[in-house]
2 protein chains.
Amino acid sequence: MSVSTTEELLAKWERQLRKGLLHLLVLAVLDKGETYGYELISKLGKQLGADMAEGTIYPLLSRLQSEKLISAEWQIMESGPARKYYHITDAGRDLLNQMLSHWAHVNDGIERMVHP
Amino acid sequence: MSVSTTEELLAKWERQLRKGLLHLLVLAVLDKGETYGYELISKLGKQLGADMAEGTIYPLLSRLQSEKLISAEWQIMESGPARKYYHITDAGRDLLNQMLSHWAHVNDGIERMVHP
DNA sequence: AGTAGTACCTTGTAAACCTAGGTATATTAT
DNA sequence: ATAATATACCTAGGTTTACAAGGTACTACT
């Protein structure tokens with residue numbers, strides 16, 4: 001088993017970091033307005049500078065919905081496949097604000113640690 | 001299966017967020033000077049405002065060492081159990097800088113998303 | 001002798017991203 | 001017509017990793 005390159009390690013780390021951030025980002029996007037899964041993937045890809053896999057987003061949306069943090073409804077399109085539009089709920093907005101608060105706290109901690 | 005409370009969901013999320021952050025934080029601490037596992041746990045606990053479990057840190061230190069991002073040496077204490085002191089390597093410092101760069105980028109992305 | 005504090009480690013479980021598939025509809029090119 | 005592309009959804013299985021819960025060993029204090 002060889003030692004990985006820095007590039008490989010960085011990519012692996014970025015993937016791990018996303019695990020926690022994705023919840024926050026999805027709720028933040030939905031807080032700005034309704035959207036559907038396929039569009040969400042491209043929005044997040046731009047924000048994070050990395051393409052999000054569908055196998056990541058769709059299960060996440062299901063989990064958020066089962067936790068009642070977001071709600072969903074199908075909309076038949078005049079052209080193209082139907083879309084499942086998601087909205088943030090009050091509980092979701094509540095959690096989002098607490099996440100942002102915690103995020104700011106952690107960010108301060110890192111700032112102090114890097115620039116003491 | 002009942003819906004979780006906001007507190008439970010937040011705690012769960014914070015745990016996930018740590019998955020990515022811990023690598024960065026451990027390397028950042030070691031970049032400021034050598035340290036040993038037990039002391040590292042209390043330092044991180046203060047920074048993150050949450051007590052880190054030993055079962056989290058010790059395996060992480062082993063992984064970082066096997067990736068040659070940190071190095072370790074035992075030191076016999078005049079009093080008390082021996083300590084395993086860790087140092088950051090050049091490769092570790094290199095990765096840390098790239099992590100911080102990516103972190104800043106992601107942080108900007110979140111800022112723009114929350115305050116457009 | 002017993003308790004508490006320091007310091008290390010391992011095993012097993014749960015969570016969640018991602019790869020690699022799959023389905024279905026509409027448009028465009030051949 | 002029909003093949004290819006784009007849009008849009010989903011799932012199963014592998015992999016990683018934080019954490020709980022357990023363990024070992026040394027020292028100091030009562």
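Just so you know, these numbers come straight off a predicted model, no measurement behind them.
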- Interatomic distance, B:L10 atom CG to A:M99 atom CE [nearest 0.5 angstrom]: 6.5 Å

- Item | Spacing of A:Y36 atom OH and A:M77 atom CE [to the nearest 0.5 Å] | 8.0 Å

- Item | Within residues 26-36 of chain A: residues closer than 4.0 Å to DNA chain C (heavy atoms) | none

- Item | Side-chain (A:W13) to main-chain (B:H23) donor-acceptor, under 3.5 angstrom | no

- Query: Any side-chain N or O of B:R63 less than 4.0 Å from the OP1 or OP2 oxygen of D:dA18?
  - Reply: yes

- Do the side-chain N or O atoms of B:K84 get closer than 4.0 angstrom to the phosphate oxygens (OP1, OP2) of C:dC9? yes

- Task: Applying side-chain contact (heavy atoms from CB on, under 4.5 Å) between A:M52 and each of A:L25, A:L44, A:L40, report the one that passes.
- Result: A:L44

- Closest-nucleotide 5' rank along DNA chain D - winner of A:S62 and B:T56: A:S62

Distance check needed: [N] [atom2] versus [X] [atom1], whole Å only.
| X | N | atom1 | atom2 | answer |
| --- | --- | --- | --- | --- |
| B:L21 | D:dT17 | CG | P | 14 Å |
| A:L17 | D:dA18 | CG | P | 12 Å |
| A:I41 | C:dT19 | CD1 | C1' | 14 Å |
| A:L22 | C:dC18 | CG | C1' | 11 Å |
| B:Q65 | C:dC8 | CD | P | 12 Å |
| A:Q16 | C:dC18 | CD | C1' | 11 Å |
| B:R15 | C:dC17 | CZ | P | 14 Å |
| A:L61 | C:dC18 | CG | C1' | 15 Å |

Between [options], spot the one nearest the side chain of [X], thanks.
| X | options | answer |
| --- | --- | --- |
| B:Y58 | C:dT10, D:dC19, D:dA8 | C:dT10 |
| B:R83 | C:dA15, C:dC18, C:dC8 | C:dC8 |
| B:W74 | C:dC18, C:dC9, C:dA15 | C:dC9 |
| A:Y86 | D:dA8, C:dA15, D:dC10 | D:dC10 |

Is there side-chain contact between [X] and [Y], with at least one heavy-atom pair below 4.5 Å?
| X | Y | answer |
| --- | --- | --- |
| B:D94 | B:D90 | no |
| A:W103 | A:L24 | yes |
| A:T56 | A:I41 | no |
| B:L30 | B:E34 | no |

- Task: Under the side-chain contact (heavy atoms from CB on, under 4.5 Å) rule, collect the residues that match up with A:S71, sequence neighbours excluded.
- Result: A:H87, A:T89

[X] near the nucleic acid: base, sugar-phosphate alone, or nothing, with a heavy-atom cut-off under 4.0 Å?
| X | value |
| --- | --- |
| B:A53 | sugar-phosphate |
| B:G55 | base |
| A:W13 | nothing |

- Query: Where do B:L27 and B:D31 land on the side chain to side chain contact (heavy atoms under 4.5 Å, CB included) test, with the steps shown first?
  - Reply: CA-CA 6 Å; B:L27 290 176; B:D31 193 41; over 6 Å; no

- Query: In the 5'-to-3' direction, what one-character label does each nucleotide of nucleotides 23-30 of chain D receive under the scheme B = base within less than 4.0 Å of a protein heavy atom, S = sugar-phosphate only, - = no such atom?
  - Reply: ---BSS--

